[in-house]
S.K.: 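The structure's right below; bear with me while I get my questions together.
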Amino acid sequence: EVQLVESGGGLVQPGGSLRLSCEVSNLPFDDYAMGWFRQVPGRERETTAVSCISSSDGRTYYTNSVKGRFTISSDKVKNAAYLQMDLLEPEDTAVYYCAVVRRFWGTTGCPGYGMDYWGKGTLVTVSP
């Protein structure tokens with residue numbers, strides 16, 4: 001059974017930082033993309049990834065609202081991905097979901113409707 005375990009969420013003040021982690025086990029494929037999606041309270045989960053990274057060549061994608069503030073990285077040995085979130089804003093408050101898909105797709109890497117496996121999510125709250 002494939003399992004994704006997320007960690008690192010919490011409460012932080014505006015301008016602060018958090019680092020999310022996602023470790024996946026029992027993946028049935030070696031070439032994959034791992035990304036983060038978010039769901040703002042009261043809204044549907046966004047179908048565009050916040051960020052996505054390729055396991056094979058390290059290609060990355062960032063949605064416009066987080067460019068320059070968030071950095072995604074990965075550890076192929078651990079089958080893990082990390083999202084360093086700096087200069088956090090109240091608008092970043094959401095449940096962040098880690099997800100995995102076979103290979104990096106197109107320019108965004110992680111198709112919201114086509115991800116193969118999902119984590120349970122971790123809450124990030126940005127508030128004074």
S.K.: Looking at W118, I want to see if its CH2 is surrounded by more than 12 non-hydrogen atoms of other residues, nucleotides or ligands under 6.0 Å.
M.R.: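 Yes, the 6.0 Å shell around CH2 holds more than 12 heavy atoms from other groups.
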
S.K.: Is any side-chain heavy atom of Q13 closer than 4.5 Å to one of P128?
M.R.: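 Not in contact.
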
S.K.: Does some side-chain heavy atom of F104 sit less than 4.5 Å from a side-chain heavy atom of R59?
M.R.: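 Yes. Closest side-chain heavy atoms under 4.5 Å.
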
S.K.: Got a donor-acceptor contact below 3.5 angstrom from the D86 side chain to the G16 backbone?
M.R.: no

S.K.: Say you draw a straight line from CG of D31 to OG of S55; how long is it, rounded to the nearest 0.5 Å?
M.R.: 4.5 Å

S.K.: Can you find a heavy atom in the side chain of R19 that is under 4.5 Å from one in the side chain of S21?
M.R.: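 Yes, close enough: below the 4.5 Å cut-off.
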
S.K.: NZ of K76: more than 12 outside heavy atoms within 6.0 angstrom?
M.R.: yes

S.K.: As a quick check of understanding, evaluate side-chain contact (heavy atoms from CB on, under 4.5 Å) for I72 and I53, giving each step before the final call.
M.R.: CA-CA 7 Å; I72 193 169; I53 188 166; 3.7 Å; yes

S.K.: Would you say E46's side chain and V50's backbone share a donor-acceptor pair under 3.5 angstrom?
M.R.: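 Side chain of E46 to backbone of V50: no pair is present.
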
S.K.: Given side chains that start at C-beta, do those of V40 and T93 come closer than 4.5 Å, heavy atoms only?
M.R.: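 Answer no - side chains too far apart.
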
S.K.: Between S74 (side chain only) and Y82 (backbone N and O only), is there a donor and an acceptor less than 3.5 Å apart?
M.R.: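 No.
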
S.K.: Would L88 end up clustered with L20 when hydrophobic side chains under 4.5 Å apart are linked, directly or stepwise?
M.R.: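 Cluster IDs for L88 and L20 match.
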
S.K.: State yes or no: do V66 and V12 share one hydrophobic cluster built from I, L, V, M, F, W and Y residues joined by side-chain heavy-atom distances below 4.5 Å, directly or via other members?
M.R.: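 Hydrophobic grouping puts V66 with V12.
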
S.K.: Applying side chain to side chain donor-acceptor pair (under 3.5 Å) to N79 and Y32, what does each step give before you reach the verdict?
M.R.: CA-CA 10 Å; N79 277 346; Y32 58 87; 2.8 Å; yes

S.K.: Nearest 0.5 Å, what's the CZ-CZ distance between R45 and F37?
M.R.: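 Here the rounded value is 8.0 Å.
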
S.K.: S54 side chain to S56 main-chain N or O, any donor-acceptor pair under 3.5 Å?
M.R.: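 Indeed, once roles are kept as given, a pair shorter than 3.5 Å links the two residues.
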
S.K.: List the atom of S127, the atom of L11, and the distance in Å for their closest heavy-atom pair.
M.R.: CB-CD1, 4.2 Å

S.K.: Which heavy atom in G8 sits nearest to a heavy atom in L18, and how many Å separate them?
M.R.: O-CD2, 3.8 Å

S.K.: Centres of the W36 and F70 rings: under 6.0 Å?
M.R.: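 No; F70 has its ring centre 6.0 Å or more from that of W36.
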
S.K.: Could you go through the side-chain contact (heavy atoms from CB on, under 4.5 Å) check for M34 and C22 one step at a time?
M.R.: CA-CA 9 Å; M34 188 179 295; C22 177; 4.1 Å; yes

S.K.: Using modelled atom types only, decide if a donor and an acceptor are shared between the side chain of D75 and the backbone of A80 within a distance under 3.5 Å.
M.R.: no

S.K.: Is the backbone of Q84 close enough, under 3.5 Å, to the side chain of T71 for a donor and an acceptor to pair up by distance?
M.R.: no

S.K.: Looking at every heavy atom in both A33 and C110, which two are closest together, and how far apart are they?
M.R.: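 What the structure gives for the nearest pair is CB-SG, 4.0 Å.
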
S.K.: Taking E23 for the side chain and V5 for the main chain, is one N or O donor matched with an acceptor at less than 3.5 Å?
M.R.: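 Such a contact is absent between E23 side chain and V5 backbone.
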
S.K.: Main chain of E6, side chain of Y97: is a donor-acceptor contact present, judged purely on distance under 3.5 Å?
M.R.: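 Flag not set: sc Y97 to bb E6 has no pair under 3.5 Å.
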
S.K.: Hydrophobic cluster membership, with links at side-chain heavy-atom distances under 4.5 Å among I/L/V/M/F/W/Y: are Y117 and M115 in one?
M.R.: no

S.K.: Can you get from V24 to W105 by hopping between Ile, Leu, Val, Met, Phe, Trp and Tyr side chains that sit under 4.5 Å apart?
M.R.: no

S.K.: Is T122 reaching over with its side chain to a backbone N or O of G9, donor-acceptor style, under 3.5 angstrom?
M.R.: yes

S.K.: Could you report the tightest heavy-atom contact between R38 and Y96, atom names first, then the distance?
M.R.: NH1-OH, 2.9 Å

S.K.: Between D92 and R69, is there a side-chain N and carboxylate O pair less than 4.0 Å apart?
M.R.: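 Looking at D92 and R69, the cut-off is met.
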
S.K.: Is V101 reachable from L27 through a run of I, L, V, M, F, W or Y residues, each pair having side-chain heavy atoms under 4.5 Å apart?
M.R.: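 The answer is no; the residues belong to distinct hydrophobic clusters.
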
S.K.: Check whether any side-chain heavy atom of C52 sits under 4.5 Å from a side-chain heavy atom of T60, and report yes or no.
M.R.: no

